[in-house]
Amino acid sequence: MWDTLQRLNALPRAEASAELLACCGSTRWAWEVSGQRPFRDAQEMFEVGERIWWRLDEEDWLEAFRAHPKIGEKKAERDTGEDARRWSHGEQSGTGGAARDTLNELAEANREYEEKFGFIYIVCATGKSAEEMLDILRGRLGNDADKELRVAAEEQRKITRLRLEKLLNT
């Protein structure tokens with residue numbers, strides 16, 4: 001982890017930003033985090049990333065959301081690189097063994113969610129089955145738009161933290 005952090009600290013800002021973009025699809029987030037280097041340790045990087053995330057505006061959050069494939073799908077609206085694709089596939093592995101009916105229900109609920117809120121359903125899927133993700137999605141459909149945006153942003157924050165850990169462990 002230390003070697004990867006030192007390498008990230010030493011990269012030119014544009015290259016560091018590109019690597020960070022795989023962790024969070026907001027270009028502003030990646031650029032601002034890369035500008036806070038060098039990091040003393042992983043914890044400092046995590047704290048800086050979180051602080052910057054919560055200072056971003058709605059458009060930055062929506063940009064990050066677009067970098068994720070819909071739950072149960074493989075391709076995101078916005079590509080942020082091979083690492084992000086690989087990590088997303090692993091994070092959504094809970095949909096791999098799901099029954100066809102569950103996947104169909106998930107696809108329909110995804111459509112309903114996106115129609116209601118204007119962005120895709122974001123959930124930190126690591127360790128969750130397709131059934132769990134579907135139950136969470138159904139529950140969140142009852143939120144109003146403002147609350148749901150904050151809930152989705154919190155899920156994105158969790159995903160970003162996990163991906164920062166993966167980045168440092170590669």
Side-chain angles (χ1 to χ4, degrees), residues 4-5 8-9 11-37 39 42 44-95 106-107 109-126 128 133 136-137 139-141 143-170:
T4 305
L5 183 61
L8 185 66
N9 280 337
L11 287 174
R13 187 172 184 186
E15 290 178 36
S17 181
E19 288 207 19
L20 290 166
L21 196 60
C23 300
C24 176
S26 163
T27 52
R28 186 169 150 215
W29 178 88
W31 185 253
E32 288 190 22
V33 171
S34 68
Q36 297 297 307
R37 297 166 307 132
F39 300 116
E44 181 185 18
M45 183 176 71
F46 300 151
E47 290 170 3
V48 166
E50 186 169 326
R51 186 173 59 250
I52 289 171
W53 175 248
W54 290 117
R55 285 194 332 232
L56 298 177
D57 61 30
E58 181 177 333
E59 284 308 310
D60 297 310
W61 290 353
L62 294 174
E63 179 187 24
F65 300 168
R66 288 190 296 272
H68 293 279
K70 294 176 185 174
I71 297 295
E73 296 185 10
K74 297 194 183 325
K75 188 165 172 38
E77 179 182 326
R78 204 173 131 265
D79 185 27
T80 54
E82 182 55 39
D83 284 340
R85 279 190 298 278
R86 186 177 71 254
W87 293 337
S88 180
H89 179 72
E91 291 158 1
Q92 291 195 33
S93 63
T95 62
L106 194 50
N110 271 325
R111 280 189 290 280
E112 185 180 342
Y113 180 98
E114 192 168 4
E115 187 175 293
K116 178 174 181 177
F117 297 114
F119 54 87
I120 70 164
Y121 167 57
I122 300 293
V123 65
C124 185
T126 300
K128 291 180 179 67
M133 289 183 272
I136 293 166
L137 190 163
R140 285 172 49 188
L141 280 169
N143 290 341
D144 65 43
D146 290 336
K147 179 177 180 181
E148 185 53 30
L149 180 63
R150 301 290 299 177
V151 170
E154 171 59 16
E155 292 298 304
Q156 175 64 58
R157 184 205 59 78
K158 293 176 192 174
I159 295 164
T160 299
R161 169 64 185 258
L162 290 172
R163 289 184 176 189
L164 285 169
E165 291 173 2
K166 290 173 187 176
L167 176 69
L168 292 179
N169 287 313
T170 57

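All residue numbers in this chain count up from 1 along the given sequence.
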Visitor: For C124, is there any backbone N or O sitting under 3.5 Å from a side-chain donor or acceptor partner on E155?
Guide: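 Answer holds: yes.
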Visitor: Answer whether the closest heavy-atom distance between the side chains of L106 and L137 falls below 4.5 Å.
Guide: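 Contact flag for L106/L137 side chains = yes.
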Visitor: Do E47 and E50 have side-chain heavy atoms sitting under 4.5 Å apart?
Guide: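 Result no, sub-4.5 Å side-chain heavy-atom pair not found.
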Visitor: Taking the basic N atoms (NZ, or NE/NH1/NH2) and the acidic carboxylate oxygens, is any pair closer than 4.0 Å for E148 and K116?
Guide: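 So E148 does not pair with K116 through a salt bridge.
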Visitor: Taking NZ, NE, NH1 and NH2 as the nitrogens, is one of them in R66 or E63 under 4.0 Å from a carboxylate oxygen of the other?
Guide: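 Salt bridge: no.
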Visitor: Rounded to the nearest 0.5 Å, what separates atom OH in Y113 from atom CG in L141?
Guide: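 Result: 8.0 Å between the selected atoms.
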Visitor: Output yes when a side-chain donor or acceptor of Q156 lies under 3.5 Å from a complementary backbone atom of I122, and no otherwise.
Guide: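 Side chain of Q156 to backbone of I122: no pair is present.
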Visitor: Evaluate the side-chain contact (heavy atoms from CB on, under 4.5 Å) criterion for residues L8 and T4: first the C-alpha distance (whole Å), next the side-chain angles of each, then the deciding distance (0.1 Å), finally the verdict.
Guide: CA-CA 6 Å; L8 185 66; T4 305; 5.5 Å; no
Visitor: Which atom names give the shortest non-hydrogen contact between W29 and G49, and what distance separates them?
Guide: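 Smallest heavy-atom distance, with atoms named: NE1-O, 2.9 Å.
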Visitor: Which pair of heavy atoms, one from M133 and one from A125, lies closest together, and at what distance?
Guide: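 Taking M133 first and A125 second, the nearest heavy atoms are SD-CB, 3.4 Å.
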Visitor: Say you draw a straight line from NE2 of H68 to CZ of F119; how long is it, rounded to the nearest 0.5 Å?
Guide: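 Those atoms lie 12.0 Å apart.
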Visitor: Once rounded to the nearest 0.5 Å, what's the spacing between atom CD1 of I52 and atom SG of C24?
Guide: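 Rounded to the nearest 0.5 Å, the CD1-SG separation comes to 10.5 Å.
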Visitor: Surrounding CZ of R150 (heavy atoms of other residues, nucleotides or ligands, distance under 6.0 Å), is the total greater than 12?
Guide: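 Counting other residues, nucleotides and ligands, CZ of R150 stays at 12 neighbours or fewer.
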Visitor: Please round to the nearest 0.5 Å and tell me the distance separating atom NZ of K147 and atom CZ of R140.
Guide: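 Rounded to the nearest 0.5 Å, the NZ-CZ separation comes out at 10.5 Å.
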Visitor: Could you give me the CA-CA distance, side-chain angles and deciding distance for W61 and W54, then say whether ring-ring contact (aromatic ring centres under 6.0 Å, His included) is met?
Guide: CA-CA 9 Å; W61 290 353; W54 290 117; 5.6 Å; yes
Visitor: Between L164 and L20, is there a side-chain heavy-atom distance shorter than 4.5 Å?
Guide: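 L20 vs L164: side chains touch.
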Visitor: In Å and rounded to the nearest 0.5 Å, what is the CG to OG distance from L62 to S26?
Guide: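 It is 10.0 Å, given to the nearest 0.5 Å.
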Visitor: Could you walk me through whether W53 and D60 satisfy the side-chain contact (heavy atoms from CB on, under 4.5 Å) test, starting with their C-alpha distance in whole Å, then the side-chain angles of each, then the deciding distance to 0.1 Å, before giving a yes or no?
Guide: CA-CA 9 Å; W53 175 248; D60 297 310; 5.8 Å; no
Visitor: Return the minimal non-hydrogen interatomic distance between V33 and F39, and the atom names on each side.
Guide: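 Heavy atoms of V33 and F39 come nearest at O-CZ, 3.4 Å.
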Visitor: Step by step, would you call D57 with R28 a side-chain contact (heavy atoms from CB on, under 4.5 Å)?
Guide: CA-CA 10 Å; D57 61 30; R28 186 169 150 215; 3.8 Å; yes
Visitor: Output all residues satisfying side chain to side chain donor-acceptor pair (under 3.5 Å) with E154, sequence neighbours left out; order by chain, then residue number.
Guide: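 Side chain to side chain donor-acceptor pair (under 3.5 Å) list for E154, sorted by chain: R157.
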Visitor: Show the nearest heavy-atom pair for residues Y121 and I71, with the distance to one decimal.
Guide: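 Shortest heavy-atom contact: CD2-CG1, 3.8 Å.
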Visitor: Quick one: CZ on F117 to CG on D146, what's the gap to the nearest 0.5 Å?
Guide: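 Rounded to the nearest 0.5 Å, the CZ-CG separation comes out at 10.5 Å.
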Visitor: Locate the shortest heavy-atom distance separating A22 from R163; write the atom from each residue and the value.
Guide: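 Closest approach of A22 to R163: O-NH1, 3.3 Å.
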Visitor: Could you report the tightest heavy-atom contact between L11 and R37, atom names first, then the distance?
Guide: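 Scanning both residues completely, I find the closest heavy atoms to be O-NH1, 2.8 Å.
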Visitor: Using 4.0 Å as the upper bound for N to carboxylate O, is an ion pair formed by R55 and E32?
Guide: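 Answer for the salt bridge query: yes.
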Visitor: Walk me through whether E115 and R111 qualify under salt bridge (Lys or Arg N to Asp or Glu O under 4.0 Å).
Guide: CA-CA 6 Å; E115 187 175 293; R111 280 189 290 280; over 6 Å; no
